[in-house]
Amino acid sequence: MTDHLARLNPEQREAVETLDGPLLVLAGAGTGKTRVLTTRFAHILLTGRAFPSQVLAVTFTNKAAREMRERVASLLGRPAEGLWLGTFHALGARILRRHAEQAGLTASFNILDSDDQLRLLKQVMEAARLDTKRWAPPALMAILQRWKDRGLTPARLTAAEVTDFANGRAPELYAAYQDRLRTLNAADFGDLLLHTTEILRARPDILAEYQRRFRFILVDEYQDTNLVQYLWLRLLAQAHRNICCVGDDDQSIYSWRGAEVENILRFEHDFPGARIVRLERNYRSTAPILAAAAALIAHNEGRLGKTLRPGGNDLTGEKPAVLALWDSDEEARMVGERIEGLRGAGESLAETAVLVRAGFQTRAFEERLITLGVPYRVVGGLRFYERAEIRDAIAYMRVLHQPADDLAFERIVNLPRRGIGEQALRAMHQIARDRAVPLSAAALVLAAEGGVRGRARTALDGLLQGFQRWRERLGTAGHVETVAAMLDESGYTAMWREDKSPEAPGRLENLRELVRALADFDTLPGFLDHVSLVMENEENGGADRVSLMTLHAAKGLEFDTVFLPGWEEGVFPNQRALDENGAKGLEEERRLAYVGITRARRRVIISHAANRRIYANWQASIPSRFLDELPEEQILRSGSAALARDRLVSAPAAFPGAFPVLARRTRVVEVWEQPARPPREEAIAVGTRVFHQKFGYGIVTAASDGKLDITFDKAGSKRVLDRFVEPA
DNA sequence: AGTGGGACGCTTTTT
DNA sequence: GCGTCCCACT
């Protein structure tokens, strides 16, 4: 019965066996965090301290949830049933469904994806007669999401929260957006936690039910939790205080979407007497890799203090390589060649990854690998359910399941094209508004009262009768058959069959896959939740392929060989991160670098290029400051532009925050000295008040090379090209 | 109603 | 260099 404990080191064992009371596990990269979490879970069950249904285990990603489920099952020797194990959002949805009426919804509410959220918000803004050119819907979406991340409902907003957005109308728009969601019987991602937390706060009886149920709470990636997630956890854990949070402040890389590392400190405060266990023995990487990672992260201030030590690993290993290259093409060639070399030496491609700062960077490597015939996969590109054909099919299912889903109805009413155009749609909206009914109901009225004629009339009648028929069928024939019939009879699959574009066959295959996946679920609503919260791309996972992904997507993974290209100022650290969050932004970028290095077991190849192609034109780049923070004796520098570092150091910056002006000899200079194209007739002077389409009004604080530093009234300080602004 | 051209704006990360 | 949006044309 103690078998599962045998392979743990003393700290891990303490983290597993300390069952009573609050426990914080600070787990460095590669220190066996997942093992601790899963073993602890199994330990709770095996010692009979709780039934599976009495443990709440929360992860951040679906991948992590799946992995935990599998590993717990293997420790138990049987599949674990009835677990409350999943992502914050999935568990939030599960609880919210049971008490939906408390939030003004019904149990069958739909979960909107980000696309729907944005469309809805845009509609709300247009209804409020806001110029959506001037005030960008995505900007407002971000504001609302941050509020939701912090557990702020419209009613909880204080005066201090008012922003300049839309002249202070954001709270009003927020309330209107939430109203619209309620009318549509829909929740966005943020609502899944916001509503549940609000319910737990308002209803002590409901809270008590869950507090009784969940005897133990386990939280993974605790450093990534936002405030509302923290409040949610605290409410649920308050009674028994058996909460165990596992996290690593050095791997906190999601502050931009509301995560607050401070939750770790708050934990000690809110749960006095919490035990803290540090896991510092790394079993993943070779000593030089660990040394490089440790030296880098040591440049961050305000860490909780944790030192990664080799836990008996290979102490001799290969030193991380830092390669300087002429340009981004050469960088892509280098990575390609090395990968071929590794392959030739018998290394597994699946154990090789190229990790980049931003998604668009994968493209160059893709092209190179295609040329070389090296199989690869891009992790975390378009999600399965983000593909057009999947979203369309889902929209059909949503209308089938819930006729009041206006967003879904609008999406498919003229798809495939049935001649129901703008006119007909406008008439429907009119009726819907006048009678306060959903669009699909308005469509019935419209068809019945002859508001449309001819082709449109026939088409609309056909569609509405179709839905009626499919709904009846759903009761008798079951959801799989009904959905398949619906997609055929509506003409949707035919649309792709007739499509001659090269993607069409793939789309049809995706649709077949969707219907196949449907069979795994007993009910249609269960499936819809799965699709919006869980479903991922699973394309040939087993094949031996190189992985291309962002650093964010790589967290939690490990590979023998890791390529880290693009270590240049502006790219990594990312310029926007610096502009928007200053020193804090830089530290988060550094943590991202730390995450990248610690993904590697045996081999790290960092690279930077002196010239990078960005869109159409070439741009000179400066090596990333992170390169200077690596321990000289533990890395191997080489490459044609190795001298670039000296230049960076010797050239003074033109103004605070500006890239240093780079000059001097060699062919590098030719590119670096290329004058920026004369941007506009007369320069905009410092101190001028200007207007920018996206950021609004602001004052120019610095100007150079056609670029302006502007402090915007609401968007903060940014650097923009001067052709994007007009004197106000 | 649907299609095509042109202008424009934007390039971070995602449950 | 791309996708999106708008408008004008068929």
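Letters go in sequence order (proteins before strands), and every chain restarts at 1.
A distance of 6.0 Å or more separates the ring centres of A:Y230 and A:W232.
We find that A:R411 and A:D392 are joined by a salt bridge, their nearest charged nitrogen and carboxylate oxygen being less than 4.0 Å apart.
Between the CE atom of A:M495 and the P atom of B:dG2 there is a distance of 13 Å, given to the nearest Å. One can place CZ of A:F60 at 10 Å from C1' of B:dT14, the figure rounded to the nearest angstrom. Following rounding to the nearest Å, A:F572 (CZ) and B:dT12 (P) show an atom-to-atom distance of 15 Å. Note: NE2 (A:H530) to P (B:dT15) measures 14 Å, nearest angstrom. Rounded to whole Å, the distance from CG on A:N226 to P on B:dT15 is 14 Å. As a whole-Å value, the separation of A:F360 CZ from B:dT12 P is 8 Å. Rounded to whole Å, atom P of B:dT15 lies 13 Å from atom CD of A:Q117. Rounding to whole angstrom units, CG of residue A:L118 and C1' of C:dT4 are separated by 13 Å.
Residue A:R576 has a polar side-chain atom (N or O) positioned under 4.0 Å from OP1 or OP2 of B:dT12. Close to B:dT14, at under 4.0 Å from its OP1 or OP2, lies a side-chain N or O of A:T550.
Within the structure, salt bridge (charged side-chain N to carboxylate O under 4.0 Å, His left out) pairs that include any residue of residues 222-231 of chain A comprise A:D224-A:K555 (at least two apart or interchain).
The residue among A:N574 and A:Q145 whose nearest nucleotide of DNA chain B lies closer to the 5′ end is A:N574. Comparing A:R418 and A:E589 against DNA chain B, the residue whose closest nucleotide sits nearer the 5' end is A:R418.
In DNA chain C, runs of at least 3 stacked Watson-Crick or G-U pairs (N1-N3 plus N6-O4 or O6-N4, or N1-O2 plus O6-N3, all under 3.5 Å) give these stems: B:1-10 with C:1-10.
Side-chain proximity of A:H89 to the nucleotides B:dT13, B:dT15, B:dT3 is greatest for B:dT15. Among the nucleotides B:dT14, B:dT3, B:dT12, the one closest to the side chain of A:R417 is B:dT3. The side chain of A:N414 lies closest to B:dG2 when the candidates are B:dT15, B:dG2, B:dT13. Comparing B:dT13, C:dC2, B:dG2 by their closest approach to the side chain of A:R363 singles out C:dC2.
The neighbour count for A:R98 CZ, taken as heavy atoms of other residues, nucleotides or ligands under 6.0 Å away, is above 12.
Of the possible polar contacts, one joining the A:R599 side chain to the A:L557 backbone as a donor-acceptor pair under 3.5 Å is found. Put simply, the side chain of A:R591 gets close to the backbone of A:S252: a donor and an acceptor are under 3.5 Å apart. Between the side chain of A:E330 and the main chain of A:A609, no donor-acceptor pair closer than 3.5 Å is present.
Of the listed residues (A:L91, A:D220, A:T34), just one forms a side chain to side chain contact (heavy atoms under 4.5 Å, CB included) with A:T59, and that residue is A:D220.
If you take atom C1' in C:dC5 and the same atom in B:dT12, they sit 23 Å apart, rounded to whole Å.
Within the nucleic acid shown, A:G359 comes within 4.0 Å of sugar-phosphate atoms alone, with no base atom in reach, counting heavy atoms only.
We find that the ring of A:W256 and the base of B:dT12 do not stack by the test of centres under 5.5 angstrom and planes tilted less than 30°.
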